[in-house]
There are 6 protein chains.
Amino acid sequence: MEQPLFDVQPSVLSGETSDIYFLRARDILQAEGLDPVVAMEVFPSRAGLLCGMRETMALLEKALPHGSEVWALSEGDRMQRKEVVLRIRAPYQSFGIYETAIIGVLAHCSGWATAAAECTEAAGGIPIVSFGARHAHPAVVGVMDYSAVVGGCQSCSSVIGARLAGVSPSGTMPHALILVMGDTAGATLAFDRHMPPDIPRVSLVDTFRDEAEESLIVARALEGRLSGVRLDTPAERGRVTAELVKEVRARLDLEGFKDVKVFVSGGIDPERIRYFIGNEAPVDGFGVGSHISGARPIDFTADLHEVEGRPIAKRGRVPGITPNPRLRRVL
Amino acid sequence: MEQPLFDVQPSVLSGETSDIYFLRARDILQAEGLDPVVAMEVFPSRAGLLCGMRETMALLEKALPHGSEVWALSEGDRMQRKEVVLRIRAPYQSFGIYETAIIGVLAHCSGWATAAAECTEAAGGIPIVSFGARHAHPAVVGVMDYSAVVGGCQSCSSVIGARLAGVSPSGTMPHALILVMGDTAGATLAFDRHMPPDIPRVSLVDTFRDEAEESLIVARALEGRLSGVRLDTPAERGRVTAELVKEVRARLDLEGFKDVKVFVSGGIDPERIRYFIGNEAPVDGFGVGSHISGARPIDFTADLHEVEGRPIAKRGRVPGITPNPRLRRVL
Amino acid sequence: MEQPLFDVQPSVLSGETSDIYFLRARDILQAEGLDPVVAMEVFPSRAGLLCGMRETMALLEKALPHGSEVWALSEGDRMQRKEVVLRIRAPYQSFGIYETAIIGVLAHCSGWATAAAECTEAAGGIPIVSFGARHAHPAVVGVMDYSAVVGGCQSCSSVIGARLAGVSPSGTMPHALILVMGDTAGATLAFDRHMPPDIPRVSLVDTFRDEAEESLIVARALEGRLSGVRLDTPAERGRVTAELVKEVRARLDLEGFKDVKVFVSGGIDPERIRYFIGNEAPVDGFGVGSHISGARPIDFTADLHEVEGRPIAKRGRVPGITPNPRLRRVL
Amino acid sequence: MEQPLFDVQPSVLSGETSDIYFLRARDILQAEGLDPVVAMEVFPSRAGLLCGMRETMALLEKALPHGSEVWALSEGDRMQRKEVVLRIRAPYQSFGIYETAIIGVLAHCSGWATAAAECTEAAGGIPIVSFGARHAHPAVVGVMDYSAVVGGCQSCSSVIGARLAGVSPSGTMPHALILVMGDTAGATLAFDRHMPPDIPRVSLVDTFRDEAEESLIVARALEGRLSGVRLDTPAERGRVTAELVKEVRARLDLEGFKDVKVFVSGGIDPERIRYFIGNEAPVDGFGVGSHISGARPIDFTADLHEVEGRPIAKRGRVPGITPNPRLRRVL
Amino acid sequence: MEQPLFDVQPSVLSGETSDIYFLRARDILQAEGLDPVVAMEVFPSRAGLLCGMRETMALLEKALPHGSEVWALSEGDRMQRKEVVLRIRAPYQSFGIYETAIIGVLAHCSGWATAAAECTEAAGGIPIVSFGARHAHPAVVGVMDYSAVVGGCQSCSSVIGARLAGVSPSGTMPHALILVMGDTAGATLAFDRHMPPDIPRVSLVDTFRDEAEESLIVARALEGRLSGVRLDTPAERGRVTAELVKEVRARLDLEGFKDVKVFVSGGIDPERIRYFIGNEAPVDGFGVGSHISGARPIDFTADLHEVEGRPIAKRGRVPGITPNPRLRRVL
Amino acid sequence: MEQPLFDVQPSVLSGETSDIYFLRARDILQAEGLDPVVAMEVFPSRAGLLCGMRETMALLEKALPHGSEVWALSEGDRMQRKEVVLRIRAPYQSFGIYETAIIGVLAHCSGWATAAAECTEAAGGIPIVSFGARHAHPAVVGVMDYSAVVGGCQSCSSVIGARLAGVSPSGTMPHALILVMGDTAGATLAFDRHMPPDIPRVSLVDTFRDEAEESLIVARALEGRLSGVRLDTPAERGRVTAELVKEVRARLDLEGFKDVKVFVSGGIDPERIRYFIGNEAPVDGFGVGSHISGARPIDFTADLHEVEGRPIAKRGRVPGITPNPRLRRVL
């Protein structure tokens with residue numbers, strides 16, 4: 001994954017996405033002629049995987065004057081509860097209005113990356129693809145899928161997310177294609193006819209028939225070109241079970257389709273992943289949706305700890321810089 | 001709240017934010033020369049407040065050809081689990097690639113609006129302001145705060161959200177202002193000097209001193225011009241308690257400051273709101289942050305139920321249109 | 001249900017099925033020349049439906065000498081915890097060795113009948129058929145199914161139980177028939193060819209294909225002669241869900257098979273029955289297996305309360321007859 | 001324990017105890033002229049001790065034609081959940097109607113044996129006697145007590161069970177004997193007068209007096225011939241406690257009756273056994289009733305996996321023979 | 001119950017039982033020449049029955065100078081959590097050192113009285129006697145039993161408590177008397193010989209024999225003079241059960257001893273009382289020990305709310321007098 | 001801690017604090033001319049720290065005639081549940097009436113000492129001071145604080161308890177002093193002016209201002225003479241938190257007050273102590289109140305086990321002396 005390019009939106013730069021009281025504070029300080037150099041420290045409310053730091057840096061590089069200092073952990077680093085992950089030392093007016101945006105970016109991205117990491121840790125090497133684009137507002141689909149890849153996902157389903165993360169987007173076929181074409185094998189053959197050869201042929205086998213039956217029908221129809229099947233059994237049919245995976249695997253093997261992979265999606269989360277692995281279901285890959293895309297953001301807090309070199313802090317905090325040898329100077 | 005204007009982002013229109021398999025399905029159907037009129041239905045996975053419908057309509061108005069039909073519930077309507085809230089009847093290729101975006105918008109916005117409604121219901125008439133901008137990615141701060149207002153919030157802290165929702169943004173003063181100026185009363189007097197007269201003077205009274213002590217100091221300093229105080233006691237000092245609110249109220253009243261309101265923020269959620277109300281704490285307004293901004297999206301599902309007039313459905317669904325007399329034709 | 005004929009087994013009459021210490025006690029009392037008239041009372045350890053009384057009476061009629069008294073509740077009566085349901089006043093030696101058999105019959109039969117009643121109460125009028133023969137030793141299959149009918153079941157699957165209970169045995173078709181014939185529709189047509197016309201044509205639709213798909217295939221094949229389908233989805237496929245029942249019903253109705261009934265079996269118990277009813281699944285009948293056949297027996301206790309007219313009792317009991325106006329003299 | 005002789009009941013051989021649909025399936029297949037060789041496999045729904053295999057074999061020996069194969073685990077073997085414990089390869093019509101009886105025998109007997117094994121494991125070498133005859137229908141008392149001995153019980157109370165299991169039946173004296181004779185010491189002396197010398201003199205000491213007091217009275221009366229006392233304190237007197245056992249032991253020892261054993265009965269189950277052992281109560285033997293006799297049967301399932309040599313299986317199962325190296329050919 | 005006389009101990013008056021910092025505060029204020037009139041308010045940390053007020057008043061009457069005011073609730077009044085139960089307005093030096101003693105008396109006495117009230121409420125009219133003297137330090141046995149009577153007990157076992165509370169002490173006979181005399185009936189006859197006729201003859205019937213057996217032996221021996229029996233079965237014998245009470249009652253009635261009462265002691269608390277009443281055990285009286293004597297004291301807090309007429313309060317309290325219309329002026 | 005002198009109260013010696021039935025038993029035995037030598041054993045109902053033995057011995061030394069024996073564990077010894085901690089062999093009449101007082105002293109004192117030991121164990125070396133005098137009746141404040149020191153407390157707040165335990169009483173300053181003087185720094189300076197130099201200057205810093213702010217004000221005012229600050233934040237302000245302790249420590253250190261200690265009080269119990277230590281709060285000492293003073297007494301039981309050399313016991317106990325090699329002869 002190469003270095004992504006994060007553009008700073010004009011609405012962020014202008015302060016429109018900020019809490020209004022930061023804009024008012026800026027106006028008051030300007031009127032009073034106050035612009036001290038301050039040190040602000042940022043820490044999370046719970047442990048997790050830090051994400052959003054590259055996007056944050058893109059903003060700070062635009063905002064901070066020459067001579068400012070930024071110390072930080074890196075994108076994808078583990079962070080402890082209340083650990084300082086970012087320290088900015090600069091004139092307050094240059095970045096005060098961006099407090100909202102900075103900790104907002106970190107909150108959402110770290111939440112997604114941490115949830116993805118929970119899945120990849122549970123999966124112990126079995127690939128995970130982020131399928132959550134459909135459960136997130138399109139304005140954040142890109143950063144959501146980017147964060148999922150930072151958290152360990154092999155790929156993601158959205159085009160924009162894959163581009164940000166520097167991976168190839170991944171997908172099989174939607175139920176809609178099969179319903180419009182009226183037949184799973186027919187739809188898979190059409191996919192095979194029209195798609196470039198490097199795109200794996202993975203058929204979705206729960207639309208019309210029992211999954212095990214349909215897997216065999218499709219595998220026979222593709223005559224060796226089938227890459228895999230995806231099981232996505234709805235809750236109305238009892239969801240995918242470990243036994244179903246084993247049976248589909250066994251029936252494919254019995255007919256000689258040992259190379260056809262079995263992918264599982266639908267309500268997958270770390271607990272479900274552990275269920276499949278604990279029951280020795282031979283899953284070749286998981287698609288994870290709302291566990292990642294709907295992950296709760298990790299709240300961050302930003303505090304001033306120095307004003308013009310003097311240690312200071314609000315009640316409940318310790319005045320002065322909080323030592324953290326893990327921080328590296330990045331600006 | 002007047003009709004907001006939702007622009008459709010180019011990356012949405014181009015399909016970049018879509019799951020890639022919808023783009024592939026479109027290419028396959030084009031190659032096969034198939035573009036039947038289909039009926040797609042959309043329903044939520046749990047009950048809540050429907051939000052995002054205006055933004056969805058802006059997209060559909062651009063995408064659908066003349067002669068298409070759209071039936072829907074309205075922005076802000078209550079919806080039941082699995083209730084059909086949107087039905088589109090149109091040529092599949094005209095909107096198939098937007099399935100990701102449509103249910104993504106509804107998922108995130110309905111999640112935020114529903115969480116806001118939980119707070120406003122708990123508060124029983126005491127105003128709520130959305131303070132969650134700092135815990136959300138700036139790309140969705142606007143729609144998040146808009147959704148919070150749809151869910152019953154009186155106002156919100158972000159400029160962009162307030163504009164979308166047609167309300168005035170709301171805020172008091174940040175800790176940073178007080179720390180930079182070194183004194184709460186001084187900061188509040190500066191606020192009073194420089195801000196337009198229609199902006200309420202609300203002081204944040206937990207930065208340096210005990211809240212009750214600071215409230216009286218600020219109230220005396222502003223000589224009648226103080227609108228309110230905001231209590232935001234950090235967890236390190238035991239958070240805001242019902243007894244603290246009562247005591248601040250009593251001490252203000254004892255000195256004649258009966259018009260100074262008491263606002264509460266910091267970790268507020270419906271349970272905490274009920275705690276304050278159940279203990280008869282005289283709160284004049286709540287600021288709610290991550291309960292709204294970090295609300296879990298409400299997953300939506302989109303299913304084809306008709307292809308060229310024929311009832312059809314995947315396994316687990318009933319073929320044909322699902323009757324719902326609450327739907328009204330909107331296109 | 002007419003009066004069943006319960007034969008007393010020779011091994012019961014001879015005392016072989018008794019606890020050996022009753023036989024020894026009889027020998028000792030004979031040697032001592034003691035045979036007082038005693039009153040023995042029998043009560044259950046928990047509330048339930050009394051069953052086994054007819055079989056008990058068949059034994060007592062054989063055992064007791066002229067002049068004995070028996071007071072009892074009736075077969076199928078509700079009984080309270082510790083309520084006296086049977087009182088025998090007779091010479092001790094005439095029936096002492098049958099204590100084991102009497103309370104054993106009542107324990108097992110009342111356990112089965114009570115479990116059946118739990119199901120029929122949960123089902124609120126939807127017929128229940130006892131399918132538990134396969135989970136019980138064949139030596140008690142008859143009394144088990146008889147007890148199930150006493151507890152409210154409409155019918156049962158075993159021939160012997162149906163005969164004892166005076167009902168027609170009930171069944172659909174086993175998976176084995178379908179597997180041997182290789183096709184569900186074919187097996188159902190064979191059933192239709194060879195079975196007398198008064199036996200309902202009910203097809204088991206989960207052997208090879210998805211249940212909804214198979215239901216339609218069979219219904220079409222039988223051209224109006226299909227009585228019903230039975231859903232018995234195994235746990236490996238997520239068991240039968242309320243949504244599956246609704247969908248099968250809807251798909252049958254859509255094709256005009258409104259008279260084809262939908263029966264459900266597989267792990268059914270009162271909780272599952274309430275789940276289907278609570279979710280408004282249109283079930284036409286339930287098959288209940290091990291909830292009835294594996295029901296825990298209701299332990300009964302037999303105590304002497306009088307010896308030659310004198311009130312007596314062991315520690316922990318009150319000497320003398322326990323009044324119970326519900327008892328009627330039956331011998 | 002020598003090889004028991006299990007007679008096959010005529011009602012089992014005739015199919016009367018079978019589910020009626022197996023009889024109908026047989027009639028249909030006969031009418032169609034179908035009698036393929038099939039392989040049926042049987043597995044339990046939970047782990048436990050396999051029992052009932054001897055009785056099952058008695059039936060199969062009568063039913064199967066020459067050339068059939070039976071592979072099985074042995075009576076008393078540990079079995080895992082879903083482990084194949086029995087495989088029959090034979091013409092379907094020769095044994096299809098016995099599916100009900102085969103898995104019914106295994107279910108009930110394995111349930112009893114497994115419950116007995118739970119007790120003997122908890123008791124760690126302290127003998128257990130099955131006292132459950134009074135809580136089971138007399139038609140299964142024999143196989144129940146037989147299964148208890150397979151599960152590790154030293155003996156049982158029923159004559160028929162002891163004969164099946166090849167052990168001597170065991171018992172002390174019933175409350176009824178003591179109540180009829182009016183005195184515990186008197187009843188024990190009568191027992192001593194009239195019973196053969198090889199039957200241990202064990203007195204039941206809770207009928208009229210405190211157990212510790214009565215134990216000493218009886219021990220003194222029997223002048224050295226007392227083998228043991230049985231404590232069976234009813235719930236109305238707080239059941240037997242560990243402290244009671246210790247005190248009776250201590251008082252017997254103080255008067256020199258160190259050889260008189262202390263047996264405990266009444267609501268004994270593995271948890272109670274662990275309670276006594278954990279509290280170091282010197283118990284010499286336990287009588288266990290309804291924990292064994294009322295044990296829930298272990299449901300078994302029988303599936304066809306081959307028809308005329310072709311692997312086959314219903315949905316949810318894997319076609320073809322399930323490998324299990326523990327199976328041995330027994331026919 | 002007439003007005004008790006509470007002496008103030010010299011060690012209390014001298015301040016020896018006080019927290020030393022009150023003595024130091026007095027010395028400092030004397031050295032500074034400060035002795036303002038203050039108002040002190042006292043409130044409990046949880047709801048309950050107020051007790052100890054008479055003893056508190058005895059101290060205040062000695063301590064306070066003429067012109068002081070005391071407002072209070074009455075001995076035995078119900079009090080709410082945080083309700084002001086006592087307000088003293090007097091020169092601080094006159095009573096400051098007694099804060100420890102005042103709230104200590106109220107804490108312990110209110111704890112005992114509240115626990116007693118829990119029992120008498122549960123008993124619904126059945127008399128309760130406080131038997132807790134043996135579980136409390138003898139220095140507080142008198143006030144403990146006094147408080148129990150304030151809480152609704154009919155009597156108590158200690159001589160000193162009964163005198164303080166103005167009732168007759170109550171007791172039956174100790175196990176020691178019976179063990180020394182070697183026989184329960186003999187001990188009861190000796191009691192009958194030597195005790196004045198107005199003392200009820202209540203025999204303790206669990207020392208040597210089963211309670212039901214011993215009750216009848218004693219009742220017969222006393223030939224009509226037996227007032228009652230006390231059941232005190234130890235945990236080693238399963239404690240007193242509701243069934244035991246019923247059986248003893250029934251056996252006494254069967255022999256004509258309808259006037260002999262049945263008392264129950266041993267681990268009695270409100271839950272056990274409700275158990276006996278809920279199971280309709282005919283108990284004529286309960287002896288309650290450590291539930292009352294070991295009751296957790298109810299912590300009280302004393303706060304200054306006025307100094308020389310000025311409202312004042314520490315953080316966390318509201319300055320000025322707390323209105324409570326239930327308070328009456330008592331000094 | 002030197003040997004304390006425990007006076008025996010006249011009301012104890014006279015038997016006034018005894019259960020009346022012991023006095024009656026004495027009268028009956030005198031009338032019958034019975035005064036056998038008996039052995040009485042005393043054991044606790046739960047494990048803990050034995051306390052009250054010195055006071056018990058003071059009573060026994062007065063009561064027992066020459067030739068009596070007393071065997072016992074020592075003050076402060078650990079004891080097991082049901083372990084014999086005291087055995088008296090003496091003529092019954094010499095001490096029978098003191099059973100109430102003996103086990104009452106042990107119950108209360110062992111309860112307090114055990115609760116104190118729970119705190120000192122949790123604190124792992126951080127000093128604990130008993131602050132519970134205000135929650136206990138003044139008649140037992142002395143023995144309560146004595147027991148707390150036996151349980152490991154470094155000191156206590158009451159003068160009388162400290163004298164009994166042979167330690168110096170400990171205390172800081174009450175809120176009342178600060179409220180009367182109107183200012184924390186002023187009160188602390190007055191304390192410093194008037195108290196002897198060996199009494200540590202510890203200021204209570206939560207009366208008027210935020211604790212961190214007030215700590216610095218007082219530390220500056222005392223110019224190096226401040227020994228420590230006590231944090232006692234009320235529940236209305238969220239109680240003392242680990243973060244508050246850390247912050248006060250950090251702010252004191254930042255201004256050079258590294259020698260000023262931080263003490264914590266207010267609702268402290270073992271769980272709270274573990275919370276502070278587990279969160280690495282630098283606490284220099286804890287004040288513990290009602291966890292010690294309100295500790296539930298440990299019930300003791302006294303049983304006769306020998307009468308004139310004969311082993312004897314009531315039902316539920318084993319006759320004769322209970323061996324315990326830990327007992328030593330103390331009289």
Side-chain angles (χ1 to χ4, degrees), chain A residues 11-12 16-17 19-22 24-25 27-29 31-32 34 36 92 96 100-101 103-105 107-108 133-141 143 157-160 169 171-177 179-180 190-191 194-195 206-207 234 236-237 290 294 296-297 299 304 307 312 314-316, chain B residues 11-12 16-17 19-22 24-25 27-29 31-32 34 36 92 96 100-101 103-105 107-108 133-141 143 157-160 169 171-177 179-180 190-191 194-195 206-207 234 236-237 290 294 296-297 299 304 307 312 314-316:
Chain A
S11 61
V12 173
E16 279 177 287
T17 68
D19 293 301
I20 193 166
Y21 68 13
F22 287 118
R24 290 178 181 157
D27 295 347
I28 292 164
L29 291 171
E32 298 280 325
L34 289 171
Y92 180 72
T100 310
I103 63 178
V105 164
H108 239 146
R134 68 187 52 211
H135 302 309
H137 194 280
V140 288
V141 157
V143 285
S157 64
S158 75
V159 178
I160 192 170
T172 59
M173 62 183 60
H175 286 110
L177 176 68
L179 287 163
V180 165
F191 188 103
H194 303 298
M195 287 292 109
D206 63 354
T207 308
E236 291 85 350
R237 282 293 190 287
S290 58
R296 194 162 183 97
D299 296 352
L304 293 192
V307 174
I312 195 170
K314 67 174 215 177
R315 275 169 80 219
Chain B
S11 62
V12 173
E16 280 178 286
T17 67
D19 293 302
I20 193 167
Y21 69 11
F22 287 119
R24 291 177 180 158
D27 295 346
I28 292 165
L29 292 172
E32 297 280 324
L34 289 171
Y92 180 73
T100 311
I103 63 178
V105 165
H108 240 146
R134 68 187 51 209
H135 302 309
H137 194 280
V140 288
V141 157
V143 286
S157 64
S158 75
V159 179
I160 192 171
T172 58
M173 63 183 59
H175 286 109
L177 176 67
L179 287 161
V180 165
F191 188 103
H194 303 298
M195 287 293 110
D206 62 355
T207 307
E236 290 85 349
R237 283 292 190 284
S290 59
R296 193 163 184 97
D299 295 352
L304 293 192
V307 174
I312 195 170
K314 68 171 212 176
R315 274 169 81 218

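Below, all heavy atoms of this structure are taken into account, side chains as well, without hydrogens, waters or symmetry copies. Lettering of chains follows the sequences in order, A, B, ..., and the numbering in each one begins at 1.
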Out of Gly96(B), Ala101(B), Ala133(B), return the one with the most heavy atom pairs under 4.5 angstrom to chain A.
Ala133(B)

Looking at every non-hydrogen atom in both residues, tell me the closest pair between Phe191(A) and Ile28(B) and how far apart they are.
CD1-CD1, 3.4 Å

Minimum side-chain heavy-atom gap Asp27(B)-Met195(A) below 4.5 Å
yes

List the residues meeting salt bridge (charged side-chain N to carboxylate O under 4.0 Å, His left out) with Glu16(A), not counting sequence neighbours, and say none if there are none.
Arg163(B)

Okay, Tyr92(B) and chain A: the region with an atom under 4.5 Å from a heavy atom over there is side chain

Going from CZ on Arg315(B) to CD on Glu236(A), what distance comes out if it is rounded to the nearest 0.5 angstrom?
10.5 Å

Please flag which part of Leu34(B) lies under 4.5 Å from any non-hydrogen atom of chain A: side chain, backbone, both or neither.
side chain

Toward chain A, the part of His137(B) with a non-hydrogen atom under 4.5 Å:
both

Less than 4.5 Å apart, side chain to side chain, heavy atoms only: is that true for Pro138(B) and Val105(A)?
yes

So, taking the atom named CZ in Arg134(A) and the one named CD1 in Ile103(B), what distance separates them when rounded to the nearest 0.5 Å?
5.0 Å

Atom group of Arg237(A) that falls short of 4.5 Å from chain B, counting heavy atoms:
side chain

If the condition is side chain to side chain donor-acceptor pair (under 3.5 Å), which residues does Ser157(B) pass it with, not counting sequence neighbours?
Asp19(A)

Which atoms of Val141(B) are under 4.5 Å from chain A, going by heavy atoms: the side chain, the backbone, both sets, or neither?
side chain

Is a side-chain donor or acceptor of Arg296(B) paired with a backbone partner of Ser290(A) at a separation under 3.5 angstrom?
yes

Between His175(B) and chain A, which part of the residue has a heavy atom less than 4.5 Å away: side chain, backbone, both or neither?
side chain

Determine the interplanar angle of the His108(B) and His108(A) rings, folded into 0 to 90°, and report it as parallel if under 30°, tilted if 30 to 60°, perpendicular if over 60°.
perpendicular

Heavy-atom pair of closest approach, residues Lys314(B) and Leu179(A)
N-CD2, 3.7 Å

Counting heavy-atom pairs under 4.5 Å with chain A, the top scorer among Pro174(B), Ala25(B), Gly171(B) is Pro174(B)

Interface moiety of Pro36(B) toward chain A, non-hydrogen atoms closer than 4.5 Å
side chain

Heavy-atom pairs under 4.5 Å with chain A - which of Ala31(B), Ala107(B), Pro234(B) has more of them than the others?
Ala31(B)

Taking every non-hydrogen pair under 4.5 Å, which of Asp299(B), Leu177(B), Val307(B), Thr100(B) racks up the most with chain A?
Asp299(B)

Top of Thr207(A), Ile312(A), Val12(A), Leu29(A) for chain B proximity - count of heavy-atom pairs under 4.5 angstrom
Thr207(A)

